[in-house]
Amino acid sequence: MTVINRRIFVLGGLATAGTLAVPSLASAAVPYPFTLGIASGEPDSTSVVLWTRLASSPLNADGQGGMANADVTVDWQVSTNETFTAVVANGSVTARYADAHSVHVVAGGLAADAEYFYRFRAQGHISAIGRTRTAPATGTFGRDLKMAFASCAHYESGYFTAYRRMAEDRPDLILHLGDYIYEDAATAGSVREHLGAEIVSLADYRRRYAQYKVDPDLQAAHAVAPWLVVPDDHEVENNYANMVRADNSPALTAAQWTARRTAAYRAYYENMPLRPAQAPSGNSIPLYRRVQWGNLATFHMLDTRQFRDDQACGDGWQACADADLPGRSLTGAAQEAWLLDGLAEHAATWDILGQQVFFARRFDTAGAAAMDAWDGYRASRSRIQQGWRDRAVRNPLVLTGDVHRAWANNLMADYANPNSAVIGTELVCTSIASGGDGSTTSTIPDVANNPHLKFYSNLRGYTLTTISPSQVRADFRAVPLVSEHGAAVSTLKSFAILDGVPGLEAL
């Protein structure tokens with residue numbers, strides 16, 4: 001690791017003249033409050049969100065992180081260098097007890113397409129140093145974008161080594177596509193165990209986020225680059241659909257389920273580097289949004305949980321005629337119209353859909369498919385695919401999480417016809433830890449029925465992309481195991497997606 005890497009990942013930072021003062025011995029006696037790390041996210045061409053949450057005893061059962069029932073002033077700085085001799089933005093914000101002492105600072109007045117460093121101070125302590133950056137200005141492409149995306153980090157299934165390796169790749173931007181935490185109870189004999197029973201209350205969700213965020217590998221990934229995030233199901237409950245629960249254990253009344261959703265969305269916002277526009281309101285949270293990366297890429301970040309119809313045929317893997325019903329939607333009508341309107345803008349070379357569940361068709365020999373994925377909402381998928389064709393979208397690229405496997409798929413005008421036109425591309429990242437060590441098999445499941453599926457891996461890891469005006473290069477990165485900490489990473493397979501040429505080119 002370079003010197004910059006090492007300094008980003010260690011706790012604390014050196015103060016210099018005219019910057020945050022070195023804490024006195026008296027103030028340093030207060031417990032260190034930055035145990036959950038720091039993060040940035042949601043960059044545009046002039047600003048970025050800075051996040052932290054104070055917690056001196058992060059795993060306390062009340063979810064308040066050992067903090068007193070009082071608000072705390074938090075100072076923040078942004079600098080063009082890691083020694084903070086060139087501070088370009090600074091200020092103070094109040095970390096409120098009612099918000100579990102989380103803060104979301106919109107640091108503005110920044111230069112476009114630029115790298116910055118940031119840090120916080122509270123209660124006499126200075127946080128770790130984070131690295132962040134802004135997007136290119138409208139009308140410019142900026143530098144090639146090195147972007148990693150990941151999902152599904154089940155704490156009990158293994159160590160978060162893949163987050164550390166992703167940080168060491170030093171991406172410019174990280175997309176997290178859901179299942180940042182898992183809601184289930186502790187399971188004896190796991191690689192490492194959750195605290196407590198299945199999470200239901202606000203205190204439960206806050207403590208579960210804290211248990212994940214004290215992980216140093218996750219903190220490293222947050223510290224190295226800004227994140228764009230969308231949740232999937234486990235941030236609330238497995239396979240929930242809109243207001244319908246998929247799992248009735250523990251038993252909850254309708255009012256209790258509503259309260260659980262409310263708590264889950266509130267805790268998600270408290271713990272993610274989101275803009276204030278994404279703050280929840282009751283049992284809903286406004287998550288689908290667009291992030292512009294100059295003329296290079298438009299990120300359409302989707303929400304495939306809050307507005308979907310219930311899974312067809314009782315969920316699971318089914319041969320289900322109801323999955324073809326024309327009125328069924330995974331996104332809801334309003335989000336679908338919003339997406340197609342955004343695609344029609346042709347604002348960038350690459351239109352990137354950041355979303356949660358498997359998009360391409362995958363049928364087995366009996367015609368069964370996953371009802372929780374787009375195969376359970378086939379008319380919804382068809383409308384979106386036809387929508388981008390009707391709008392002459394040049395480079396539609398779908399990025400997907402959820403399935404704990406890596407896949408690379410061509411998207412087809414007619415999946416039933418192997419000679420049909422290729423009209424887009426899907427890259428599916430594997431999990432950070434969910435599913436455990438996995439296996440080295442690379443045989444593509446069900447490929448005889450789905451020749452558009454071009455790559456498969458059952459190892460843990462992430463996908464690293466390099467986005468330029470002429471192509472997207474995708475490297476599927478994996479570690480051999482997560483049952484032990486610290487495994488090396490390797491690239492299993494690489495593809496290119498060429499500008500104006502939908503589909504995968506093996507490298």
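All values below were derived from every heavy atom in this structure, side-chain atoms included, with hydrogens, water molecules and symmetry-related copies excluded. Fair warning: this is a prediction, and the values are worked out from it, not measured in the lab.
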(Q) Assess the residue pair Arg192 and Asp215 against the criterion (salt bridge (charged side-chain N to carboxylate O under 4.0 Å, His left out)); give the C-alpha distance rounded to whole Å, side-chain angles, the decisive distance to 0.1 Å, and a yes or no. (A) CA-CA 12 Å; Arg192 47 187 186 169; Asp215 184 279; 2.9 Å; yes
Q: Using modelled atom types only, decide if a donor and an acceptor are shared between the side chain of Arg165 and the backbone of Gly486 within a distance under 3.5 Å.
A: yes
Q.
Using side-chain heavy atoms (C-beta onward) and a distance below 4.5 Å, is Asn450 in contact with Phe363?
A. yes
Q) What closest approach, in Å, do Val501 and Asn395 show between heavy atoms, and which atom pair accounts for it? A) N-OD1, 4.3 Å
Q. Should the pair Phe476 and Phe495 be assigned to parallel (<30°), tilted (30 to 60°) or perpendicular (>60°) ring geometry?
A. perpendicular
Q: Tell me yes or no: between the side chains of Tyr205 and Arg260, is some donor less than 3.5 Å from an acceptor?
A: yes
Q.
Ignoring hydrogens, what is the shortest heavy-atom contact between Pro502 and Gly424? Give both atom names and the distance.
A. CB-N, 3.6 Å
Q) Any donor and acceptor pair, going by atom type alone, linking the side chain of Asp144 with main-chain N or O of Ser468 inside 3.5 Å? A) no
Q.
Could you check whether any side-chain N or O of His300 sits under 3.5 Å from a backbone N or O of Gln355, counting only pairs where one atom can act as donor and the other as acceptor?
A. no
Q: Give me the ring orientation class for Trp227 and His176: parallel if the planes are under 30° apart, tilted from 30 to 60°, perpendicular past 60°.
A: parallel
(Q) Do Pro250 and Val200 have side chains that approach each other closer than 4.5 Å (heavy atoms only, starting at C-beta)? (A) yes
Q) Looking at Asp233, Thr400, Asp232, Thr304, which one forms a side-chain hydrogen bond (donor to acceptor under 3.5 Å, both in side chains) with Gln356? A) Thr304
Q) Quick one: does Val357's side chain get under 4.5 Å of Leu330's, heavy atoms only? A) yes
Q | Lys/Arg cation over aromatic Tyr456: Arg405, 6.0 Å, 45° cone | A | no
Q. What pair of heavy atoms forms the shortest contact from Glu42 to Leu228, and how long is it?
A. OE2-CD2, 3.6 Å
Q | Donor-acceptor contact present, side-chain His346 to main-chain Arg391, <3.5 Å | A | yes
Q) Do Thr134 side-chain atoms and Asp113 backbone N/O form a donor-acceptor pair below 3.5 Å? A) yes
Q.
Taking the ring centre of each residue, are His194 and Tyr182 less than 6.0 Å apart?
A. no
Q: Please confirm whether the backbone N or O of Asp309 pairs with a side-chain atom of Asn242, one donor and one acceptor, at under 3.5 Å?
A: no
(Q) With a 3.5 Å distance limit and no angle check, can you tell me whether Asp247 reaches the backbone of Asn239 through a side-chain donor-acceptor pair? (A) no
Q. Can you tell me how far CD1 of Ile432 sits from OG of Ser151, rounded to the nearest 0.5 angstrom?
A. 7.5 Å
Q.
Are the side chains of Val482 and Val191 in contact, using a 4.5 Å heavy-atom criterion?
A. no
**Q.** Atom pair SG (Cys429) and NE2 (His404), whose distance is rounded to the nearest 0.5 Å
**A.** 10.0 Å
Q: Identify the residue among Arg361, Arg328, Arg381 that makes a salt bridge (charged side-chain N to carboxylate O under 4.0 Å, His left out) with Asp375.
A: Arg381
**Q.** Glu484 CD: over 12 foreign heavy atoms closer than 6.0 Å
**A.** no
Q: First locate atom CG of Leu427, then atom NZ of Lys454, and finally report the distance between them rounded to the nearest 0.5 Å.
A: 14.0 Å
Q: Check for a donor-acceptor pair, side chain of Gln335 on one end and backbone N or O of Phe307 on the other, with a separation under 3.5 Å.
A: no
Q | Cationic tip of Arg305 above Tyr265 ring, under 6.0 Å, 45° of axis | A | no
Q | Derivation and outcome, side chain to side chain contact (heavy atoms under 4.5 Å, CB included), residues Arg131 and Arg170 | A | CA-CA 10 Å; Arg131 170 181 173 257; Arg170 294 182 63 76; 3.2 Å; yes
Q) Stepwise, does the side chain to side chain contact (heavy atoms under 4.5 Å, CB included) test hold for Gln306 with Ser284? A) CA-CA 8 Å; Gln306 282 193 89; Ser284 65; 3.6 Å; yes
Q | Gln211 side-chain N/O to Leu195 backbone N/O, donor-acceptor pair under 3.5 Å | A | yes
Q) Hey, are the side chains of Met243 and Asn283 touching, using non-hydrogen atoms and a 4.5 Å cut-off? A) yes
(Q) How long is the straight-line distance from CG of Asp169 back to CZ of Arg164, given to the nearest 0.5 Å? (A) 12.5 Å
Q) Does a side-chain heavy-atom distance below 4.5 Å link Asp217 with His485? A) yes
Q | Interatomic distance, Tyr116 atom OH to Arg133 atom CZ [nearest 0.5 angstrom] | A | 11.0 Å
Q) Taking 4.0 angstrom as the limit, do Asp44 and Arg275 come out as a salt bridge? A) yes
Q) Is the backbone N or O of Leu459 less than 3.5 Å from a side-chain atom of Ser457, with the two atoms forming a donor-acceptor pair by type? A) yes
Q) Do Trp374 and Gln385 have a side chain donor and acceptor closer than 3.5 Å? A) no
Q: Compare every heavy atom of Thr430 with every heavy atom of Gly461, then report the nearest pair and how far apart it is.
A: N-CG2, 3.1 Å
Q: Find out whether Ile444 and Trp407 are in side-chain contact, i.e. whether some heavy atom of one side chain is under 4.5 Å from a heavy atom of the other.
A: yes
**Q.** Side-chain heavy-atom pair Phe455, Leu504 within 4.5 angstrom cut-off
**A.** no
Q.
With a 4.0 Å cut-off on N to O distance, would you call Asp372 and Arg308 a salt bridge?
A. yes
Q: Please report the closest heavy-atom contact between Ala246 and Tyr240, naming both atoms and the distance.
A: CB-N, 4.1 Å
Q: Check the pair Leu339, Thr331 against side chain to side chain contact (heavy atoms under 4.5 Å, CB included), reporting the backbone distance first and the verdict last.
A: CA-CA 9 Å; Leu339 173 60; Thr331 62; 5.8 Å; no
Q) Does the side chain of Asp475 pick up a donor-acceptor pair with the side chain of Ser494 at under 3.5 Å? A) yes
Q | Ion pair check, Glu183 and Arg208, cut-off under 4.0 Å | A | no
Q: State, to 0.1 Å, how close Glu193 and Ala186 come at their nearest heavy-atom pair, and which atoms those are.
A: OE1-CB, 4.3 Å
**Q.** Interatomic distance, Thr463 atom OG1 to Leu175 atom CG [nearest 0.5 angstrom]
**A.** 11.0 Å
Q: Describe, in one word, how the ring planes of Tyr212 and Tyr155 are oriented to each other, choosing from parallel (under 30°), tilted (30 to 60°) and perpendicular (over 60°).
A: tilted
**Q.** Tyr209 and Leu36: CA distance, side-chain angles, deciding distance, side chain to side chain contact (heavy atoms under 4.5 Å, CB included) verdict
**A.** CA-CA 9 Å; Tyr209 277 102; Leu36 304 182; over 6 Å; no
